[in-house]
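Remarks on the structure that follows.
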Amino acid sequence: MPINFYELIGDGDLDGARAKFERLVIAIAHVKHQAMGVAARPGDWGIDAFFGDLDGMIAIWQAKYFMGGVEEAQKKQIRDSFKSALKAAEDHEHEVEMWTLCLPIDLDPDATAWWQKWKRRQERDHGVVIDLWGRTKLEGLLLTPECIHLARHYFPGSVGATAPAGTPEILPLPDDHGYDGALFVRQLEAAEVAETESAKRQFFNYETLARDVADKGDPIEKNTLTAVEAEVHALWETCFGAASHDPETGIDPNLVAKVMGEIKANHGIAPPRLPPMSFLHHMGTMHRVVENGEAGWVAHFRQIAESYRA
């Protein structure tokens, strides 16, 4: 399961993201190694988290929120941080046994070659064990049972804010559904789609799920549904723009199948997790967008929507 470390930026606050990443590293090190954090201030002894005694041997974790790669400027920061940790150890009479650099990225080949050479040289010259927790390592740690709560807290968009439940039950279409004259059905009929019962069931199941989410009032689940509607609308728009509409009827007979096929394929790659949705619910989202008058299946779908609303 990939974790998107850009989530830490949130509303674009890069300084805030650096602070969150530091807190995350401290929390992981605490869970895995009983490490302690150090309050940030000028002259913080080159430590973000440590394990051991500050009058004896310690292990240090140093967090660097580098999202754009490790180039010369970042290499200098890494070297300076390591030097600061060693100088603080000398000044305050403790010894650094292990120093771990934590990054939200994996190194590219050039940076990896630099890191390996630098690491070997520092270990030889200073007798310190040096390690790297990059993206792959951090993902592995975050997705362990001991740390999954940290993943959910810091990365709700990647792993969900709570443990994912099972896929909701697919409900049968009730006899009194009242969808026969709905706009999304009219739009399908305008495209000469003969069978619409499955579309009605998709719409009904999505509407039921959406009502449940509204009743619970969970902001994360609400945001998920908003995002899914925006995503399927964008997918439809791309397919609609590339469609070959008949100049007389306005119909592209492949448009519905194309859009729904893309939705199902995308669902298989990254299904919504909070709330969990089946691909049928995901398709029902598309019918909701059509029902809202924001999409349709023929070139003149807006005219149909305007006539329906009149």
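- In this structure, W61 and I28 have side chains that are not in contact, with every pair of non-hydrogen atoms separated by 4.5 Å or more.
- H177 contributes no side-chain N or O that, together with a main-chain N or O of F204, makes up a donor-acceptor pair within less than 3.5 Å.
- The line from CH2 of W114 to CD1 of I78 is 4.0 Å long, rounded to the nearest 0.5 Å.
- Among residues at least two apart or in separate chains, there is no salt bridge (charged side-chain N to carboxylate O under 4.0 Å, His left out) pair with a member in residues 224-239.
- Of the charged side-chain nitrogens involved, at least one lies within less than 4.0 Å of a carboxylate oxygen, so that E139 and R135 count as a salt-bridged pair.
- Taken from CD in E95 to CG in L86, the straight-line distance is 10.0 Å, to the nearest 0.5 Å.
- Listed by chain and number, the hydrophobic cluster partners of V129 are M98, where partners are ILVMFWY side chains within reach of under 4.5 Å, directly or through others.
- Scored by the ring pair (Phe, Tyr, Trp, His ring centres under 6.0 Å) test, F82 finds W99, W118, H126 as partners (sequence neighbours excluded).
- Scanning all heavy atoms of the two residues, the minimum distance from Q187 to A295 falls at NE2-O, 4.0 Å.
- Here the CG atom belonging to N266 is positioned 5.5 Å from the CG atom belonging to L235, to the nearest 0.5 angstrom.
- Annotation for Q34: atom CD counts as buried by contact number, over 12 foreign heavy atoms lying within 6.0 Å.
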Exercise for the section: Tell me, with the steps shown, if R23 and K20 meet side-chain contact (heavy atoms from CB on, under 4.5 Å). Expected result: CA-CA 5 Å; R23 291 302 310 165; K20 290 177 187 175; 5.7 Å; no
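- With values rounded to the nearest 0.5 angstrom, Q62 atom CD is found 12.5 Å from L132 atom CG.
- The closest side-chain donor-acceptor pair between Q202 and S198 falls under 3.5 angstrom.
- Taking every heavy atom of both residues into account, V232 and M286 meet most closely at O-SD, 3.8 Å.
- The main-chain N or O of G140 is never found under 3.5 Å from a side-chain atom of T144 such that the two would form a donor-acceptor pair.
- Side-chain contact between V25 and T100 is absent, with no heavy atoms from C-beta onward closer than 4.5 Å.
- Residues satisfying the ring pair (Phe, Tyr, Trp, His ring centres under 6.0 Å) test with H149, not counting sequence neighbours, are none.
- Residues meeting the side chain to side chain contact (heavy atoms under 4.5 Å, CB included) test with N254, sequence neighbours left out: D252.
- Residues satisfying the ring pair (Phe, Tyr, Trp, His ring centres under 6.0 Å) criterion with F301, sequence neighbours excluded, are W236, F240.
- With sequence neighbours excluded, the residues that form a side chain to side chain contact (heavy atoms under 4.5 Å, CB included) with Q74 are F66, V70, E71.
- Inter-residue side-chain proximity for Y154 and L8 is flagged as met; some heavy-atom pair is nearer than 4.5 Å.
- In this pair, H287 and W297 present their aromatic rings perpendicular. The plane angle is above 60°, beyond the 30 to 60° band.
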Practice task
Step by step, work out the side-chain contact (heavy atoms from CB on, under 4.5 Å) result for E262 and K258.
Solution key: CA-CA 6 Å; E262 291 285 345; K258 172 69 173 175; 3.2 Å; yes
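- Connection of L225 to L171 is established within a shared hydrophobic cluster, with ILVMFWY side chains joined at heavy-atom distances below 4.5 Å, either directly or through further cluster members.
- Between L183 and V290 the shortest heavy-atom distance is CD2-O, 3.5 Å.
- Sorted by first then second residue, the side chain to side chain donor-acceptor pair (under 3.5 Å) pairs that include residues 301-310, not counting sequence neighbours, number zero.
- Residues H282 and T285 have side chains that never bring a donor and an acceptor to within less than 3.5 angstrom of each other.
- Counting only residues at least two apart or in different chains, salt bridge (charged side-chain N to carboxylate O under 4.0 Å, His left out) contacts with residues 110-120 comprise K119-E123.
- Counting only residues at least two apart or in different chains, salt bridge (charged side-chain N to carboxylate O under 4.0 Å, His left out) contacts with residues 72-83 comprise E72-K75, K76-D80.
- Counting only residues at least two apart or on different chains, the salt bridge (charged side-chain N to carboxylate O under 4.0 Å, His left out) pairs with a member in residues 175-192 are D180-K200.
- At distances below 3.5 Å, at least one donor-acceptor pair connects side-chain atoms of E7 with backbone N or O atoms of S158.
- Inter-residue side-chain proximity for W115 and L101 is flagged as met; some heavy-atom pair is nearer than 4.5 Å.
- A 4.5 Å side-chain heavy-atom check between H281 and P276 finds every atom pair outside the cut-off.
- Atom NZ of K87 has 12 or fewer heavy atoms from other residues, nucleotides or ligands within 6.0 Å.
- Of all heavy-atom pairs between K222 and G217, the closest is CE-CA, 3.8 Å.
- Sorted by first and then second residue, the ring pair (Phe, Tyr, Trp, His ring centres under 6.0 Å) pairs involving residues 6-32 (not counting sequence neighbours) are F21-Y65.
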Practice task
Applying salt bridge (charged side-chain N to carboxylate O under 4.0 Å, His left out), run through E22 and R18 and close with a yes or a no.
Solution key: CA-CA 6 Å; E22 181 179 315; R18 293 190 185 101; over 6 Å; no
Practice task
Go through the steps for L150 and L141 under the test side-chain contact (heavy atoms from CB on, under 4.5 Å), then give the verdict.
Solution key: CA-CA 10 Å; L150 297 174; L141 292 171; over 6 Å; no
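- Note that CE of M283 and OG of S278 are 9.5 Å apart. Values are rounded to the nearest 0.5 Å.
- Closest non-hydrogen pair, K64 versus S81, comes out as NZ-OG, 2.9 Å.
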Handout entry: Steps toward side-chain contact (heavy atoms from CB on, under 4.5 Å) verdict (Y206, V228)
Key = CA-CA 11 Å; Y206 176 75; V228 171; 5.7 Å; no
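- Atoms CG and CG, from N205 and L209 in turn, are 8.5 Å apart once rounded to the nearest 0.5 Å.
- Here the closest heavy-atom approach between residue A151 and residue I3 is recorded as CB-CD1, 4.5 Å.
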